[in-house]
Amino acid sequence: MTIDDSLRELYQEVILDHSRHPRHFGPLEHATHNGEGYNPLCGDRVKVHLAVDGEGRIADIKFEGRGCAISQASASLMTDMLAGRTLAEAEKLMDGFLHLVKGEDAGSLSEDDHERLNVMAGVSAFPMRVKCATLAWHTMKSALEGGTAAKTE
Amino acid sequence: MTIDDSLRELYQEVILDHSRHPRHFGPLEHATHNGEGYNPLCGDRVKVHLAVDGEGRIADIKFEGRGCAISQASASLMTDMLAGRTLAEAEKLMDGFLHLVKGEDAGSLSEDDHERLNVMAGVSAFPMRVKCATLAWHTMKSALEGGTAAKTE
Amino acid sequence: MMAQAKPRTAAFDPPRKDFPILERRVHGRPLVYLDSAASAQKPLAVLEAMEAFATGEYANVHRGVHFLSGAATQAYEAARERVAAFLNARSAEEIVFTKGGTEAINLVSYSYLSQRIAAGDEIVLTVMEHHSNIVPWHFLRERQGAVLKWVDVAADGSLDAEAVDASIGPRTKLVAVTHMSNVLGTITPLKAIVAAAHAKGVPVLADGCQGAVHEVVDVQDLDVDFYAVTGHKLYGPTGIGALYAKRAHLMAMRPFNGGGEMIQEVTRDLVTYADPPARFEAGTPPIIEAVGLTAALDYLSSFDREAVKAHEADLLAYAREALREFNWLHVIGDAPGKGAILSFECEGMHAHDVATILDLEGVAVRAGHHCAQPLMERFGVASTTRASFALYNTREDVDTLIRGLAKARKILG
Amino acid sequence: MMAQAKPRTAAFDPPRKDFPILERRVHGRPLVYLDSAASAQKPLAVLEAMEAFATGEYANVHRGVHFLSGAATQAYEAARERVAAFLNARSAEEIVFTKGGTEAINLVSYSYLSQRIAAGDEIVLTVMEHHSNIVPWHFLRERQGAVLKWVDVAADGSLDAEAVDASIGPRTKLVAVTHMSNVLGTITPLKAIVAAAHAKGVPVLADGCQGAVHEVVDVQDLDVDFYAVTGHKLYGPTGIGALYAKRAHLMAMRPFNGGGEMIQEVTRDLVTYADPPARFEAGTPPIIEAVGLTAALDYLSSFDREAVKAHEADLLAYAREALREFNWLHVIGDAPGKGAILSFECEGMHAHDVATILDLEGVAVRAGHHCAQPLMERFGVASTTRASFALYNTREDVDTLIRGLAKARKILG
Ligand SMILES: Cc1ncc(COP(=O)(O)O)c(C=O)c1O
Ligand SMILES: Cc1ncc(COP(=O)(O)O)c(C=O)c1O
């Protein structure tokens, strides 16, 4: 793969689109879970909010914060994909993603999820950027586990 | 100069004799000046005692302590040579010696003093041992200057 | 898009062949190393001096009678003399070796200021300090109730000595100020600050981690009380730095780390301490690194320092000029006489993304807060992209940077 | 005068060609380096790894996005993994890099014990500790009123775990004990000491600066709370050491030095700290040295450690046997299973004079108190001569030592 290929893969149109027009961006009233993440390497922050309904399903999900294209796109993609899932499904998806961006086997993902998340796979070629891609996801995990603060380091 | 020559020069018979049978060894009652020196490199200590008479002459001089052959011989030689001198003469002699053992010009010494002190000149070839040779002398200087503790380091 | 004139400044020919790493390729492109403010590359002279010492003269220092120990001690103490000469200290006894610039500042905090500061006493510092010249003072705030008084910088990043003076009050116990900002490149009016502080009886610590690299330092002329430097930015090894401190301060300071070499005598009940600088150098020091630092300072001093400075200034001006074409790029820090560090923000592009795209062009720059979060806050940015220039950089390096930035804009903008 | 049998132990062939310095001459004689307990010589593998890194992969770590910074970060963190594996720590997060063994112990004193000790509380230590494992505790005595409780060693230099146990009282806050004495060679019953201390709820710090060189260390099996090592004795570079500490301790410890890399966030009013181990690594770490340390541990581990130990034990036994002929020479330290360090006193001859005469024969030994003054006092000597053996020494080295001692006796005796 040439440099320009890697670059194109890292900054695919869909990633740039997510980062320029993030989905589910903003605060969330009546959130049942909130989390705040911080990347001390660059000072980027992300907040995640979600409302889990009586059946353990993610009824609503939002994120706020600013960061690099990778972290913004990753957060936006995450909210898109988690909305409507059960907590168990969300857990599985998140673990799969965390493997995927490190270039590891993400076998637990369904074929469809794998395909949608695969736009982020180019990050695995940039070890110093993996933390950007995972910040929102780690934050979400710790919000669901009851913590409020996460950081990638 | 071969190794064995340097060695013979460092451990000349007169040095070994001074170190085995130190002159003026012991305490001194009625001392007017006392000093204590310490070499933290090896833990050696030396005490010097002297009695200066009304005319500013070193009437009596003693030293105590233990140390290596070089430091013992140097202390013994020092007491031998300072006894009976005026403080001004002592000062000059000490400065001359401190130059001599570092291999520097000791021009301030009289020819006779230079010859007697010259047995210590071999030390200058052993930079790590110069401190052993100077301990008693530094201690004496600081005793005369009114201090009580000296160390070489 | 690029400035026209490309001839290298006549006065100075960047000694690139002394730095083997500059010949390597990164992602298939020739390396363009513009991250020297984070750490400088090492000339062969430094690596060779360390290797020659390690293979020919190495032993532990100070307490040995044998030949190698004597040789190593001599080399180590010669390094102290070398640093003293480099900073024009009165004597080598005013130089304490540390593991880096950060530890040099912490040494002042632990061994000097912590014994002299009470709740409500003040430490004056600027908003452009590196965390290494902030956090040790935060410790004294957290642990002893000290108050940090922050001096702002002007919009162009310059620091006004009078603003510092105005912040020094009756309870000020120390002024801690950088000699050169690692983000803005600002050179501070150190001599004037020292004069003002001394007029009020307040000592000054200067963080010289960047300053000593780019300025010719004379601690006696500056009359500064403490001056901290770090080896790896001075083209020297990692693992070593130094604190210059006036002898009188050192004599009055209590030990920092305890251990071998820094004692006079240890018994079960008591311990007495060696005189400075040994008092502050507990344990086996960075011996091989000291030899490397000597070689680094020899290397740096082998050039006409003013010519090096002019060369770096030329690179900065050349880059600055070229960047004017990019109306979407905003340089932060434009103080008159600033050193060769260029920080900027790109509209709509995050510093990390910019740096990644530059990296793929072979260009190494830093992106982030540069260990200067209060400064980021001051300028209302989360991070910047920073290119920093050293004596081995060229106008071609700048050209590659500019091309890379244009490409980043095309991809991300 | 010399022991008869001279064949090298079949099992181990000292890799002398890996150590270029061993080929040099001193005062015209081949170097016989018997001062490895002060500092070991460096194999080429270490020097080459450092040079390759410095000329090919160097940059500052952690905060960089660019390729070299990534490579350097990876190398630095790989060193942490290497040390963790060497000591069998649970995870690399339990390894903090320091500038040496002394700083590792001071880190425990400043960041752990000083917050947990009040006037009258006790620290148990042995009379054979190195000053680096004494002075940091004297600081807590001087500054916070801690009480030092000294455990004696037996006449042969061995340490009884029960004697340590007996000294641990309700106010004991730490047991600080060496794993191997740098003067006597004694290996301490560390596992039993830890068990006894833990039974009373007291943590144990082991000074492993010598122990890790000669013993295979398993911190999990020992269950020790803190274990300090130093790079330069492990055939590695100067300027680096490491502290192993149980994760729970690290999490509960406050920062030591303040600066870059160890923070989470810095504002004008507040600072929050990074998780361990970063919390304790302020400033640019010894990056090139970490690479050297990795190579050193790889090098040491490339041998059968038990074979190295047997080789060193053979040298010790061989020397011990030969020295029996000298009825004017008294060995200090004869504990069963002791490591390859031989300290002795010569009747009527001062250690400095002995060492000088040996030096002229090319033999490097240490003379002095070896940073262990309480131990000197215990044995009623001002200083000793010390020969220490490493994997590169041979029986021929011992022969030269013995000949040199005979000569010293002839000249000085
Ligand atoms: C201005 C300034 N001060 C202090 C430091 C700290 O130096 P070091 O990381 O070598 O301890 C740095 C570099 O990181 C710096 O740029
Ligand atoms: C037993 C022991 N502890 C601690 C140290 C201190 O190690 P360093 O001087 O490398 O800090 C040494 C060596 O000097 C030692 O032998």
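None of these values were measured; they are calculated from a predicted model. Side chains included, hydrogens not; waters and symmetry mates left out as well; all remaining heavy atoms used. All chains are named by letter (A, B, ...) in the order of the sequence lines, taking the proteins before the strands, and each is independently numbered beginning at 1.
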**Message:** If you count heavy-atom pairs within less than 4.5 Å of chain C, which of D/Glu57, D/Lys99, D/Met50, D/Met376 leads?
**Reply:** D/Lys99
**Item:** C/Asn257 side chain to D/Glu103 backbone, donor-acceptor under 3.5 Å
**Value:** no
**Message:** Report which part of C/His27 has an atom under 4.5 Å of a heavy atom belonging to chain D: side chain, backbone, both, or neither.
**Reply:** side chain
**Asked** Okay, side chain of D/Asn60, backbone of C/Ala38: is any donor-acceptor separation there less than 3.5 Å?
**Response** yes
**Message:** Shorter than 4.5 Å, heavy atoms on both sides: which option in C/Gly100, C/Gly64, C/Gly241, C/Ala367 has the most such pairs with chain D?
**Reply:** C/Gly64
**Message:** Taking side chain as everything from C-beta outward and backbone as N, CA, C, O, which of these in D/Asp269 sits under 4.5 Å from a heavy atom of chain C? Side chain, backbone, both or neither.
**Reply:** backbone
**Request:** Heavy-atom pairs under 4.5 Å with chain C are the metric here; pick the option from D/Leu125, D/Val135, D/Val365, D/Thr230 that has the most.
**Result:** D/Val135
**Item:** Heavy-atom closest contact (D/Gly260 atom, C/Cys371 atom, distance)
**Value:** CA-SG, 3.9 Å
**Message:** Counting heavy-atom pairs closer than 4.5 Å to chain C, which one of D/Lys233, D/Glu265, D/His130 comes out on top?
**Reply:** D/Glu265
**Residues of residues 282-290 of chain C within contact distance of chain D, non-hydrogen under 4.5 Å** = C/Ala282, C/Gly283, C/Thr284, C/Pro285, C/Pro286, C/Ile287, C/Ile288, C/Glu289
**Asked** With only heavy atoms counted, which part of D/Glu142 is less than 4.5 Å from chain C, the side chain, the backbone, both or neither?
**Response** side chain
**Prompt:** When rounded to the nearest 0.5 angstrom, what distance separates CZ in D/Arg366 from OG in C/Ser69?
**Reply:** 4.0 Å
**Message:** Using only atom types and a distance under 3.5 Å, with no angle test, would you say the side chain of D/His138 pairs donor to acceptor with the backbone of C/Thr267?
**Reply:** yes
**Closest heavy-atom pair and its distance - D/Phe139, C/Phe256** = CE1-O, 3.1 Å
**Item:** Heavy-atom pairs under 4.5 Å with chain C, option from D/Thr238, D/Ile105, D/Thr102, D/Asp359 with the top count
**Value:** D/Thr238
**Request:** May I ask you to decide if C/Leu68's main-chain N or O and D/Tyr33's side chain share a donor-acceptor pair within less than 3.5 Å?
**Result:** no
**Request:** Please look at D/Val354 and chain C and tell me whether the side chain, the backbone, both or neither of the residue comes under 4.5 angstrom of a heavy atom of that chain.
**Result:** neither
**Request:** Output the distance between atom CZ (D/Arg254) and atom CZ (C/Arg143), rounded to the nearest 0.5 Å.
**Result:** 3.5 Å
**Fill in**
The side-chain contact (heavy atoms from CB on, under 4.5 Å) partner of D/Val266 among C/Glu377, C/Gln373, C/His369 is C/Gln373
**Message:** With a 4.5 angstrom heavy-atom cut-off, is it the side chain or the backbone of C/Val291 that approaches chain D, or both, or neither?
**Reply:** neither
**Message:** Would the distance check show the side chain of D/His66 and the main-chain N or O of C/Asp35 forming a donor-acceptor pair, the cut-off being under 3.5 Å?
**Reply:** no
**Message:** Is D/Leu31 close to chain C through its backbone or its side chain, or both, or neither, when contacts mean heavy atoms under 4.5 Å?
**Reply:** side chain
**Fill in**
Counting heavy-atom pairs under 4.5 Å with chain D, the top scorer among C/Pro374, C/Ala364, C/Gly362, C/Ser109 is C/Ala364
**Item:** Pick from C/Asn133, C/Leu270, C/Leu44, C/Leu107 with the largest number of heavy-atom pairs that fall under 4.5 Å of chain D
**Value:** C/Leu270
**Message:** Using a 3.5 Å distance criterion without hydrogens, assess whether the side chain of D/Tyr58 forms a donor-acceptor pair with backbone atoms of C/Ser39.
**Reply:** no
**Option that, when pairs with chain C are counted at under 4.5 Å, heavy atom only, ranks first among D/Arg141, D/Glu51, D/Met262** = D/Arg141
**Message:** Treating D/Asn106 as the side-chain partner and C/Gly258 as the backbone partner, does any N or O pair qualify as donor plus acceptor under 3.5 Å?
**Reply:** yes
**Prompt:** For the candidates D/Leu47, D/Val271, D/Val26, which exhibits the highest count of non-hydrogen atom pairs separated by less than 4.5 Å from chain C?
**Reply:** D/Val271
**Request:** Answer with yes or no whether the side chains of C/Thr55 and D/Arg24 bring together a donor and an acceptor at under 3.5 Å.
**Result:** no
**Prompt:** chain D heavy atoms under 4.5 Å from C/Ala40: which part of the residue, side chain, backbone, both or neither?
**Reply:** backbone
**Prompt:** So D/Tyr110 and C/Tyr110, would you call those rings parallel, tilted or perpendicular, with 30° and 60° as cut-offs?
**Reply:** perpendicular
